[in-house]
Protein chains: 2
Amino acid sequence: MGNKRLTVREIARIAEVSVATVSRVSRGTGQVSPEMRERVLRVIDEYGYRPSQMGRALAQQKHGSVAIVFPGLAGPYFSELVQGFEAEAVAAGIGVHILVTHHRADSDGNVLDMASRVDGVAVHGDTVSTETMRRIAAEVPTVVLAGRPLDGVPAVRADNSAIGELTRHLLVDHGYRGLAFVGNPDGSPDVTERWEAFKAAHKAARVAVPRSPIRLGLQQSDGVLAAGELLDGRKPPRAVVCANDETALGMLIGALGRGLSVPGEVAITGFDDVPMASLVQPRLTTVRQPIRELGATTARLLISGLGNPGAVMDAVLTTEPVLRESCGCPRT
Amino acid sequence: MGNKRLTVREIARIAEVSVATVSRVSRGTGQVSPEMRERVLRVIDEYGYRPSQMGRALAQQKHGSVAIVFPGLAGPYFSELVQGFEAEAVAAGIGVHILVTHHRADSDGNVLDMASRVDGVAVHGDTVSTETMRRIAAEVPTVVLAGRPLDGVPAVRADNSAIGELTRHLLVDHGYRGLAFVGNPDGSPDVTERWEAFKAAHKAARVAVPRSPIRLGLQQSDGVLAAGELLDGRKPPRAVVCANDETALGMLIGALGRGLSVPGEVAITGFDDVPMASLVQPRLTTVRQPIRELGATTARLLISGLGNPGAVMDAVLTTEPVLRESCGCPRT
DNA sequence: ACGTTTGCAGTAACCGCTTTCAGGGACCAT
DNA sequence: ATGGTCCCTGAAAGCGGTTACTGCAAACGT
């Protein structure tokens with residue numbers, strides 16, 4: 001510790017070869033005779049030489065890392081997303097930068113700043129303004145994550161329309177009326193699409209949407225709050241469609257805590273199919289979304305997919321309703 | 001998009017000044033006359049010049065970013081920790097790298113690899129071997145996060161002994177016998193210390209520890225599993241001390257789902273004081289730990305505190321028992 | 001009026017690695 | 001024996017900034 005790192009020149013001097021040879025050996029590229037390779041490797045190993053990433057980056061004109069920008073880490077959704085992204089990048093030998101915006105407007109500067117440290121940026125749908133998005137994309141290859149493509153910027157997202165099927169299931173198969181939607185459509189592109197699908201399903205079933213969405217966040221605690229808002233009122237809903245599983249679980253906890261029967265008195269559905277969804281009692285009806293795959297696909301696109309001819313511009317991953325007991329279906 | 005980025009030499013040529021002047025203006029260091037500054041700034045602004053981080057890194061011999069290594073992102077603990085770390089670093093203009101080990105043994109190579117991309121590394125206690133830890137520390141300034149200091153490597157951690165006070169509270173104040181501990185002491189330094197404190201409190205109260213710990217993970221789903229293991233047995237515990245809030249919440253869900261009264265038939269406590277702890281019914285008795293501050297302190301230490309004379313070697317943040325209803329205390 | 005300080009701008013030498021290009025030796029075919 | 005290939009190796013030119021040092025002119029002091 002403290003002894004200055006040695007450079008490629010030092011190694012070359014010690015091994016009595018040229019720096020070019022050392023570089024070729026350490027990178028494993030180009031032609032090197034076995035005895036040369038052996039000699040250099042011995043010295044590299046003995047002195048524990050590791051090439052400087054700074055020098056390498058400058059010479060190759062690439063940082064060797066990508067970034068992911070998202071609003072916060074609360075809940076399993078972002079955890080899975082980030083982990084999927086990270087795992088894929090690391091598997092490709094690429095480093096991962098993160099930037100959390102915390103929903104603050106003044107993070108645009110940070111985003112731009114960060115964009116100059118990486119070879120590619122994945123920006124989650126509800127983090128920065130369209131304008132900032134464009135400026136990032138002008139600096140560095142960019143992908144929109146969980147949002148719509150923008151100009152030349154490709155996107156990776158999940159099919160939110162399945163929440164429409166779920167709504168239809170509640171309205172038609174179960175015959176429920178008086179549904180509530182928990183989630184803020186202005187909060188993120190995903191919730192926007194889910195609210196639209198919820199409304200569309202009502203229209204298709206010729207049922208009026210009974211009330212405005214409960215505009216809260218997407219955390220479990222928001223679900224608990226939503227339970228207070230909906231279930232203590234004079235006219236509680238017969239079924240609650242939550243924008244994600246976290247709020248659905250909070251709603252469930254809130255409902256059970258009030259002594260209500262689920263799904264007997266109020267049915268509850270979510271979106272994501274997080275692990276807890278099948279562990280609670282009653283098990284949660286939801287929509288399965290491949291969150292990890294979403295992150296992984298984004299990383300792949302960023303690392304090797306961009307700029308290729310025929311590169312995908314809008315990857316939409318499939319989702320699937322999962323009917324369990326919280327909607328009123330019998331246990332299979 | 002696609003037009004090659006311009007360099008400091010380009011800007012110098014256009015503004016008809018030397019590269020040194022451009023650099024001085026863009027960095028804001030050194031003496032530059034007002035008219036020169038003005039002229040350079042105009043060109044920088046007009047052409048949207050942003051200095052390359054690679055060139056800057058090489059010249060200054062610093063990457064301008066730090067890394068945090070942890071086992072996974074499941075649950076609010078790691079989310080808060082990472083966000084605290086990230087926020088502090090970004091506020092100091094430093095980028096943040098992450099590396100998730102996923103508890104895989106073969107991630108040592110990745111860690112070393114990553115260590116050469118940053119100016120400092122924070123390693124969470126239960127991620128890499130002692131040997132790897134040493135090798136990282138030999139390459140780059142390092143801090144242990146939620147673990148004990150190691151050789152010359154400082155640590156930042158929370159005081160886990162408060163779980164002993166909580167155990168004493170259950171044994172003495174409430175007079176419970178037959179306590180169970182949920183958490184794997186070999187899983188992480190934190191859990192080790194909590195299990196030790198749990199045992200020490202038994203010893204102090206002259207009560208035998210009734211059984212081995214339930215060695216499961218720290219996620220909410222593990223708490224649900226632990227509930228199955230403990231509550232369906234012939235001799236269920238009177239109280240369950242969980243290694244963290246997540247497992248305690250899972251345990252609570254499992255207990256309530258079995259129709260058991262909490263805390264009447266089984267008392268439950270946690271550790272962390274996550275937001276959900278005060279939202280569930282009954283509210284969770286736990287130990288408050290400043291998770292975010294843990295991450296922030298680590299980042300501060302890494303960025304500006306290391307190497308200073310009198311630098312802290314072992315920062316222990318204080319914790320505090322929070323008595324709510326899940327242990328049997330009356331609602332205040 | 002003359003020497004000395006002071007302020008500002010420019011030249012050029014790095015920072016550490018990659019890679020092109022050129023050179024040299026061994027081997028092959030004629 | 002000789003010209004041509006093929007394989008390796010090394011010298012050197014970047015990659016894009018930063019900064020020590022140099023030089024010049026203006027301001028200052030006596």
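In what follows, chains carry the letters A, B, and so on, assigned in the order in which the sequence lines appear, proteins first and then strands, with residues in each chain numbered from 1. Treat the numbers as computed from the prediction; the structure is a model and nothing was measured.
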Looking only at N and O atoms, is any donor in the side chain of B/R24 or the base of D/dG17 less than 3.5 Å from an acceptor on the other one?
-> no

Closest of C/dT18, C/dC17, D/dG17 to the A/S52 side chain is C/dC17

Kindly check if the number of other-residue, nucleotide or ligand heavy atoms within 6.0 Å of CZ (A/R39) is above 12?
-> yes

B/A20 has a side chain; which of D/dC15, C/dG10, D/dC8 sits nearest to it?
-> C/dG10

d(CE, A/M54; C1', C/dC17) in whole Å | 12 Å

With a non-hydrogen cut-off below 4.0 angstrom, is A/R9 in contact with a base, only sugar-phosphate, or nothing?
-> base

May I ask you to say what B/V32 touches in the nucleic acid, namely base, sugar-phosphate or nothing, with a heavy-atom cut-off under 4.0 Å?
-> sugar-phosphate

If you check the B/L58 side chain, which of D/dG10, C/dT18, C/dG16 turns out closest?
-> C/dG16

Which atom pair, heavy atoms only, marks the closest approach of B/A122 to B/F85?
-> CB-CE1, 3.8 Å

Taking atom CZ of A/R50 as the centre, does the number of heavy atoms from other residues, nucleotides or ligands within less than 6.0 Å exceed 12?
-> yes

No-hydrogen, no-angle side-chain donor-acceptor test under 3.5 Å, B/D159 and B/T318 = no

Closest to the B/Q61 side chain, choosing from C/dC17, D/dC8, C/dC15 | C/dC15

Starting at CD of A/E16 and ending at P of D/dC8, how long is that distance when rounded to a whole Å?
-> 21 Å

If each of A/R39 and B/P51 is mapped to the nucleotide of DNA chain D with the nearest heavy atom, which maps nearer the 5' terminus, i.e. the 5' end?
-> A/R39

Are there more than 12 heavy atoms of other residues, nucleotides or ligands under 6.0 Å from atom CD of B/E16?
-> no

Reckon A/Q31 touches a base, only the sugar-phosphate, or nothing at all at heavy-atom distances under 4.0 Å?
-> base

Could you check how far CZ of A/R37 sits from C1' of D/dT9, rounded to whole Å?
-> 13 Å

Per atom distances to the B/S23 side chain, the nearest of C/dC17, D/dT19, D/dG10 is D/dT19

Which nucleotide, C/dA9, C/dC15, D/dG10, lies nearest any side-chain atom of B/T21?
-> C/dA9

